[in-house]
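Residue indices begin at 1 and follow the sequence shown. In this text the structure is predicted, and so the values were computed from the model without any measurement. Side-chain atoms are counted along with the backbone in the values below, which use heavy atoms only and exclude waters and symmetry mates.
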Amino acid sequence: MLRLGPLAAAGRLLPAGPRLGLPCPSGGWVSLSRSRPPGPVGDRGLLARQVRAAAGSAGGGRSPALKTPKGTRDHPPAHVALRDRLLAAVVTCFKRHGAAAIDTPVLELRVPFARYLAMNKITNMKRYHVAKVYRRDNPATTRGRYREFYQCDFDIAGQFDPMIPDAECLKIVHEILSDLQLGDFIIKVNDRRILNGVFAVCGIPESKFITTCSTVDKLDKMPWEEVRSEMVGEKGLSPEAADHIGEYVQLHGGLDLIEQLLQDPKLSQNKLAKEGLGDMKLLFEYLTLFGITGKISFDLSLARGLDYYTGVIFEAVLLQPENDHVEEPVSVGSVAGGGRYDGLVGMFDPKGRKVPCVGVSIGIERIFSILEQRLKASGEKVRTTETQVLVTTPQKHLLAARLKLISELWDAGIKAEMLYKKDPKLLKQLQYCEDTGIPLAAIIGEQELTDGVVKLRDVATREEVDIPREKLVDEIRRRLEP
């Protein structure tokens, strides 16, 4: 969906402009000046003083408590490998649907895609954007909510026939969640026009639509009695109006419910609601052709808090634990969401020209939290490198032979490694292969050099075959073919 600027809405987290610096334990930053280089190692130059200040070790002599800035975390190699695979799966889906990638400044205080379209006078585009972004609100790390996080957006901009792009966005969500095998899920859909029509027929003044909408959006976390209490006690609605709203927003279903509401005596007389229900019926017809209505629920409680949505809105949630190894579900909230926002680009255009848009954002960090816990529970090992061959020697004084062979493999595009010792033991080299998941070992000893061959070892089966040196690259490629 539309990517909010990393510093938008809740205020700025970092001052504008590029900065080189270190986070202090207290939460602030110490700037590292670019104006002149630091002095020699060991002196009390500028860099040395700033590093000590950032670490909190200036004076006192006590070792600082090392930690990452609030709401962030380090990712060890296994986590990065897992995240890279996750991002690759998402991007593959985006590309399958014909989207082109764009990139916008990370320190933008606006809504980057809407600004990009308006500034470049683009009226038709299908794009995706994968990038790190930042938010200032309090993190909830146990639910996979961090201040620094990846956002994966897919948007379709342009004037098209109703509900065709919207249906494709829902199909993309269905494809990604199915491919990732996270467990059972449901995609809730609603329409802001239907919600506004409900509020209107229930006697809610238009000035309270947005605040009422934000309260309705809590129905997935709170029982109706608490939501009703907030409407009456905090939002100033009459008990009768709140009860009337409750008759609608607790409904969910499919085409049958849409048909039922189209016949509702009050909603059928409201222009906005009638338009929204007509488009919702058309959307379900397209989703039926896509074969995914079994995972779609028309849910009148879905509101999504952002007030720039103008039509269809949707949100994907998991329904059960993601695997059999944990007793309780991982509480990570929704894993995708989006909707239609037809008026936002016009807010940036000097002449107010509108570009209809619909999009979806995949909750990568929340999905990653699920996969991370699944990995931990299963004990499965993740490969952190893509090395295909380890170049090894069984005797001493053969470093030159290893260096020459590994250079030949690198030049041929083969991903290869060797241990950084002059005379490593063969057993240690082979154990490294097993520990890191390297599938092949190329063994070159004195006899192999004499015979002009390389002994190629399959690490999994421990089978070894002598391969003529000039045919080694072709044999490695053949064995590594998928």
Side-chain angles (χ1 to χ4, degrees), residues 1 159-167 169-170 186-220 224 227-228 230-232 235-288 293 296-315 337-344 354 356-358:
M1 67 172 239
Q159 188 72 52
F160 303 107
D161 289 338
M163 296 297 105
I164 300 176
D166 310 63
C169 286
L170 290 166
I186 197 76
I187 305 172
K188 301 177 182 180
V189 298
N190 198 3
D191 194 298
R192 288 298 283 266
R193 294 169 295 176
I194 299 174
L195 269 179
N196 287 346
V198 166
F199 297 153
V201 302
C202 293
I204 309 301
E206 190 172 346
S207 60
K208 292 188 176 182
F209 278 9
I210 293 176
T211 56
T212 305
C213 190
S214 64
T215 302
V216 169
D217 203 35
K218 298 178 181 180
L219 267 174
D220 63 335
W224 165 246
V227 171
R228 180 188 183 279
E230 181 176 313
M231 284 182 177
V232 175
K235 301 301 170 67
L237 304 188
S238 68
E240 295 77 18
D243 290 337
H244 200 180
I245 291 173
E247 295 172 7
Y248 288 105
V249 297
Q250 296 182 81
L251 298 173
H252 56 86
L255 269 172
D256 289 346
L257 177 58
I258 297 170
E259 295 286 2
Q260 174 188 327
L261 293 177
L262 281 169
Q263 303 302 317
D264 184 280
K266 293 183 178 179
L267 279 184
S268 61
Q269 300 304 310
N270 181 275
K271 182 183 177 183
L272 274 181
K274 193 173 181 180
E275 287 178 1
L277 287 167
D279 279 350
M280 187 64 66
K281 181 179 179 181
L282 184 60
L283 177 65
F284 265 79
E285 290 174 1
Y286 294 151
L287 298 178
T288 300
T293 50
I296 308 292
S297 173
F298 173 39
D299 191 326
L300 273 79
S301 71
L302 179 64
R304 295 193 64 80
L306 297 173
D307 59 5
Y308 58 69
Y309 287 121
T310 57
V312 168
I313 50 177
F314 45 86
E315 184 171 276
R340 174 161 288 279
Y341 52 101
D342 288 347
L344 199 56
K354 293 185 178 182
C357 298
V358 63

[atom1]/[X] to [atom2]/[Y] distance, rounded to the nearest 0.5 angstrom?
X	Y	atom1	atom2	answer
Arg340	Asp342	CZ	CG	4.5 Å
Ile204	His244	CD1	NE2	10.0 Å
Lys281	Leu277	NZ	CG	10.5 Å
Lys266	Leu261	NZ	CG	13.5 Å
Phe284	Ile258	CZ	CD1	5.0 Å
Glu230	Thr211	CD	OG1	9.5 Å

- request: Begin from the C-alpha positions of Ile245 and Thr212 and carry the test side-chain contact (heavy atoms from CB on, under 4.5 Å) through to its verdict.
  value: CA-CA 10 Å; Ile245 291 173; Thr212 305; 4.0 Å; yes
- prompt: Run the side-chain contact (heavy atoms from CB on, under 4.5 Å) check on Val249 and Trp224 step by step: do they pass?
  reply: CA-CA 9 Å; Val249 297; Trp224 165 246; 4.0 Å; yes
- request: In sequence, state the C-alpha distance, the side-chain angles, and the governing distance for Val358 and Tyr341, and then conclude on side-chain contact (heavy atoms from CB on, under 4.5 Å).
  value: CA-CA 6 Å; Val358 63; Tyr341 52 101; 5.7 Å; no
Which atom pair, heavy atoms only, marks the closest approach of [X] to [Y]?
X	Y	result
Asn270	Ala273	OD1-N, 2.9 Å
Ala167	Tyr286	CB-CB, 3.8 Å
Ser268	Lys274	O-CD, 3.7 Å
Phe209	Ala200	CZ-N, 3.9 Å
Ala241	Cys202	CB-O, 3.6 Å

task: Test Tyr248 against every option in Ile194, Val198, Leu195, Val216 by the side-chain contact (heavy atoms from CB on, under 4.5 Å) rule and name the one that passes.
output: Val198
So do [Y] and [X] actually touch side chain to side chain, heavy atoms under 4.5 Å?
X	Y	answer
Phe314	Asp166	no
Leu282	Pro162	yes
Ile313	Tyr309	yes
Leu283	Asp191	no
Leu257	Leu300	yes

field: Asp279 with Arg193: basic N within carboxylate O range, under 4.0 Å
entry: yes
field: Asp243 bridged to Arg228 by N-O distance under 4.0 Å
entry: yes
Donor-acceptor check, side chain of [X] to backbone of [Y], threshold 3.5 angstrom: yes or no?
X	Y	result
Lys235	Lys208	no
Arg192	Arg304	yes
Asp299	Gly253	no
Ser301	Leu219	no

